[in-house]
Amino acid sequence: MNPKFPIRGTGKDGSTTVEVVEAVAAVLDIPPEELPPLYHTVDADALDALVESGNNITVRFEYEGFEVLVKPDEIYLQER
């Protein structure tokens, strides 16, 4: 399973970190509030800043049983 989610910049606070949590919650079919805060896994401010920079970056980390790959316009999830 390799679900892909667009980064819309329209999360609750317009951040990539919120969109990552929402994507994982969607795959797990649970409310995002039931997941632990992403900042326990990755520096949320740095992730948001990297994506917002407009550079062609790729960030990879593990969160809640998924390998998360964040590219400039998309979030990919791979079950671990």
Side-chain angles (χ1 to χ4, degrees):
M1 177 160 106
N2 239 354
K4 176 174 71 170
F5 298 85
I7 294 178
R8 304 173 312 272
T10 58
K12 290 179 183 127
D13 64 4
S15 73
T16 300
T17 55
V18 169
E19 293 197 34
V20 167
V21 172
E22 289 175 348
V24 171
V27 170
L28 294 175
D29 196 27
I30 62 173
E33 304 82 42
E34 290 185 17
L35 292 171
L38 188 60
Y39 63 77
H40 288 273
T41 302
V42 67
D43 183 324
D45 292 334
L47 177 61
D48 288 340
L50 283 170
V51 173
E52 291 171 16
S53 74
N55 294 326
N56 189 18
I57 57 95
T58 299
V59 180
R60 185 183 312 255
F61 56 92
E62 290 187 24
Y63 178 64
E64 290 303 294
F66 292 94
E67 180 176 6
V68 180
L69 179 66
V70 179
K71 293 188 170 193
D73 297 322
E74 296 174 314
I75 298 165
Y76 295 86
L77 302 177
Q78 170 120 19
E79 285 187 277
R80 300 286 306 159

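These numbers were taken from a predicted model, which means no experiment stands behind them.
- If you take CD on Glu34 and CG on Asp29, they are separated by 10.0 Å, rounding to the nearest 0.5 Å.
- Across all non-hydrogen atoms, the minimal contact from Leu35 to Val24 is CD1-CG1, 3.9 Å.
- For the 3.5 Å distance criterion, the side chains of Gln78 and Tyr76 fail to qualify, holding no donor opposite an acceptor.
- A distance of 11.5 Å separates CG in Leu38 from CD in Glu22, rounded to the nearest 0.5 Å.
- Residue Leu50 holds its CG atom at 9.5 Å from OG1 of Thr16, rounded to the nearest 0.5 Å.
- Residues passing the side chain to side chain donor-acceptor pair (under 3.5 Å) test with Asn55 are Ser53, sequence neighbours excluded.
- Note on Ile30 and Ile75: same hydrophobic cluster, where clusters join Ile, Leu, Val, Met, Phe, Trp and Tyr whose side-chain heavy atoms are under 4.5 Å apart, directly or indirectly.
- Closest non-hydrogen pair, Pro31 versus Ala25, comes out as C-CB, 4.1 Å.
- Listed here is the closest heavy atom pair of Asn56 and Pro72: OD1-CG, 3.5 Å.
- Every residue two or more places apart in sequence or in another chain that forms a side-chain contact (heavy atoms from CB on, under 4.5 Å) with Ala26 is listed here: Phe5.
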Can you give each donor-acceptor pair under 3.5 Å made by side-chain atoms of residues 59-70, sequence neighbours left out, with the distance rounded to 0.1 Å?
residue: Arg60; atom: NH1; partner: Glu67; partner atom: OE2; Å: 2.8
residue: Glu62; atom: OE2; partner: Arg80; partner atom: NE; Å: 3.4
residue: Tyr63; atom: OH; partner: Pro36; partner atom: O; Å: 2.5
residue: Glu67; atom: OE1; partner: Arg80; partner atom: NH1; Å: 3.3

